[in-house]
Amino acid sequence: MTMPEKLEILIRRKGISKTDLASLAGITYRALANYLSGGRNPRKSILEKLAELLDTTPEFLQDQNRSLILSSEERFTCNAESPEAAIDAALSLLDHCKRIFRNCADENALSVRDKQALFSCMSEIYFSQKENNSEVKSDAT
């Protein structure tokens, strides 16, 4: 995993904007964008500051043989092939699902049984669409 990939993920995990991170690190947003694109590498002092702000070490950021353990959501966003608008819509859906499936004491929350039924419905929609798409591809060949 490259340093720019690690930086992107760690910034997302930290929940900080890139503009704020650049400011906290004492660099311009353009400099940070160059590091994130892989166009430039940060000086040692900047790398140390970024690592500190992102709760990691400079050595980890630089070592391409070491990777972060990604959540399924992070794997999705890192490996996504769809247009950005579709990815944004999917991430919005994931955020909404997190709120629905979260266990909370809210009197309006779904029961465990209802959450299981909802998940079944979602799975059924996915597999039904997947099957339909397979049939369409078979017919085309």
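Given the structure is predicted, the values throughout are model-derived calculations rather than measurements. One is the number of the first residue; the rest follow in order along the sequence.
- Distance check, rounded to the nearest 0.5 Å: CD1 of I87 to CG of L94 gives 10.0 Å.
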message: side chain to side chain contact (heavy atoms under 4.5 Å, CB included) for E74 and S71? Distances and angles first, verdict last.
response: CA-CA 5 Å; E74 289 169 333; S71 69; 3.3 Å; yes
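- Checking side-chain atoms of Q129 against main-chain N and O of Y126 turns up no donor-acceptor pair under 3.5 Å.
- Looking at residues two or more places apart in sequence or on another chain, you find no side-chain hydrogen bond (donor to acceptor under 3.5 Å, both in side chains) involving S37.
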For a quick test of your reading: what N or O donor-acceptor pairs under 3.5 Å do the side chains of residues 20-30 make, sequence neighbours left out?
residue	atom	partner	partner atom	Å
D20	OD2	S17	OG	3.2
T28	OG1	A31	N	3.0

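- Ion pairing of E8 with K18 is present here, as a side-chain N (NZ or NE/NH1/NH2) and a carboxylate O approach within less than 4.0 Å.
- Across L7 and Y35, no two heavy atoms sit closer than the pair CD1-CB, 4.3 Å.
- Put simply, the side chain of C97 reaches to within 4.5 Å of the side chain of M122, judged on heavy atoms.
- With sequence neighbours excluded, the residues that form a side chain to side chain contact (heavy atoms under 4.5 Å, CB included) with E5 are M1, T2.
- Between R12 and E73 there is no salt bridge, since no side-chain nitrogen of the basic residue lies less than 4.0 Å from a carboxylate oxygen of the acidic one.
- With sequence neighbours excluded, no residue forms a side chain to side chain contact (heavy atoms under 4.5 Å, CB included) with S120.
- Atoms CG and NZ, from L93 and K98 in turn, are 11.0 Å apart once rounded to the nearest 0.5 Å.
- The 12-atom threshold is exceeded at CZ of R13, counting heavy atoms of other residues, nucleotides or ligands nearer than 6.0 Å.
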Quick one: side chains of residues 42-70, donor-acceptor pairs under 3.5 Å with protein atoms, not counting sequence neighbours, listed by atom name and distance.
residue	atom	partner	partner atom	Å
D55	OD2	K14	NZ	2.6
T57	OG1	F60	N	3.0
D63	OD1	N65	N	2.8

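- The side chain to side chain contact (heavy atoms under 4.5 Å, CB included) check on F119 picks up F101, S123, with sequence neighbours excluded.
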